[in-house]
Amino acid sequence: MGYRIFQWGWKFPSPVQTFEAFYYGFTQGHLLGAMVSSLRRLLISFVISIGIGTTLGFLFARYRFFDETFGFLVVALQTVPSIAWLPFAIIWFGLNDTAVIFITTIGATWTMSMSSRTGIMHVSVIHIRAAEMMGTGRGFRMFFQVMLPAAFPHLITGVRVAWAFAWRALTAGELIAKGLGLGQTLQDSRSIGDTATILCVVVIIAVIGTISDHFCFKRLEDNIMLRYGLITSKR
């Protein structure tokens, strides 16, 4: 409808052009290959950012000095767009996968650290003291058996937001870095005026983001919250 109303011609693809771009993109393999490459970089960066962010959040919540020093720096870094680190990434690593993974990790880590900090700080003192009386101690058992489950509502929110931020950083990084990926496909398509492929990439990113959030993170949230009695089962 928008194609006919605005009559943009080549500036915006028709439904037929978009369908053809999808068909040839997947049958000839360049869209599928770009999607697989981007997902590989994204998953590597996401796992790293979740690990670093959760660890930082725990340190911020448990140690006041650490929170008031490095925690303040993380809050400041959170306001900096991850793409601003791209020149450093290119200088340090070159135009390769490592630079893109670095940018993507930066884009998700700070959000995850702040969410995990908030979640752990809101863990009930009664639960902590009860766990200590039962012999849990203050080390890894306390963290994994008490704090992590109690902080899960905040953590899953951080995970979902970090996933969205990671997608944005990944696409921005791939626009400049070399190699196969959805961002590089956007850049190549822009260079030749292939708006149909550009729209295909946008749709692919939106569909993957929606499916992963609904069928992965949402279900994980419901299952764990049900397991720990934070919600009741739906019948």
Side-chain angles (χ1 to χ4, degrees), residues 39 41-85 100-132 134 136-170 172-173 208-210 212-231:
L39 284 174
R41 299 188 187 103
L42 180 68
L43 291 174
I44 293 173
S45 305
F46 188 63
V47 171
I48 295 173
S49 64
I50 294 301
I52 296 175
T54 304
T55 302
L56 288 175
F58 173 77
L59 294 175
F60 296 153
R62 298 295 289 176
Y63 302 101
R64 183 175 180 180
F65 175 78
F66 196 77
D67 185 37
E68 293 178 349
T69 53
F70 192 64
F72 179 80
L73 178 61
V74 168
V75 173
L77 291 174
Q78 192 176 14
T79 63
V80 179
S82 56
I83 195 63
W85 294 97
V100 178
I101 291 172
F102 173 78
I103 291 298
T104 309
T105 303
I106 288 291
T109 297
W110 311 137
T111 298
M112 190 63 211
S113 64
M114 290 295 99
S115 296
S116 59
R117 171 189 177 274
T118 302
I120 293 172
M121 288 186 68
H122 283 81
V123 175
S124 173
V125 178
I126 296 176
H127 292 163
I128 295 176
R129 291 178 179 175
E132 290 176 348
M134 295 178 183
T136 303
R138 290 179 171 269
F140 288 102
R141 289 184 62 191
M142 172 69 75
F143 177 72
F144 286 106
Q145 295 181 4
V146 180
M147 290 184 174
L148 201 60
F152 186 78
H154 290 278
L155 291 177
I156 194 62
T157 300
V159 167
R160 296 169 77 169
V161 175
W163 177 258
F165 273 68
W167 260 118
R168 297 174 188 177
L170 173 75
I208 293 176
T210 302
S212 59
D213 183 79
H214 183 75
F215 290 99
C216 180
F217 300 128
K218 185 65 170 61
R219 289 192 176 184
L220 177 64
E221 178 183 18
D222 291 342
N223 289 336
I224 294 184
M225 292 182 74
L226 179 62
R227 176 181 177 182
Y228 289 102
L230 299 175
I231 59 174

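Here the structure is a predicted model, which means the values were calculated and not measured.
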- Is F60 close to M121 at the side-chain level, that is, under 4.5 Å between some pair of heavy atoms? no
- Message: Does F66 have more than 12 heavy atoms from other residues, nucleotides or ligands lying within 6.0 Å of its CZ?
- Response: yes
- Query: In Å and rounded to the nearest 0.5 Å, what is the CD1 to CD1 distance from I52 to I48?
  - Reply: 6.5 Å
- Closest non-hydrogen contact found for S82 with G107 is CB-CA, 3.7 Å
- Message: To check you understand the geometry: which heavy-atom pair defines the closest contact between V159 and F46, and what is its length?
- Response: CG1-CZ, 3.6 Å
- Nearest heavy-atom neighbours spanning L155 and M112: O-CE, 3.7 Å
- Just by modelled atom types, is the A76 backbone N or O under 3.5 Å from a matching donor or acceptor in the T79 side chain? yes
- Please step through side-chain contact (heavy atoms from CB on, under 4.5 Å) for the pair F70 and L59, ending with a clear verdict. CA-CA 10 Å; F70 192 64; L59 294 175; over 6 Å; no
- Query: Which atom names give the shortest non-hydrogen contact between S212 and G209, and what distance separates them?
  - Reply: OG-O, 3.0 Å
- Message: Quick check for you: to the nearest 0.5 Å, what is the distance between L42 atom CG and L170 atom CG?
- Response: 5.5 Å
- Considering the options T105, T104, I106, which one meets the side chain to side chain contact (heavy atoms under 4.5 Å, CB included) requirement together with F102? I106
- Is S116 reaching over with its side chain to a backbone N or O of G53, donor-acceptor style, under 3.5 angstrom? yes
- Mind checking whether Y63 and T69 have side chains closer than 4.5 Å, heavy atoms only? no
- Item | Heavy-atom neighbours of W167 CH2 exceed 12 at 6.0 Å | yes
- Message: Just verifying a value: how many Å separate I120 CD1 and T54 OG1, rounded to the nearest 0.5 Å?
- Response: 7.5 Å
- Query: Does some side-chain heavy atom of L56 sit less than 4.5 Å from a side-chain heavy atom of W110?
  - Reply: yes
- Query: Roughly how far, to the nearest 0.5 Å, is the OG atom of S45 from the CD1 atom of I50?
  - Reply: 11.5 Å
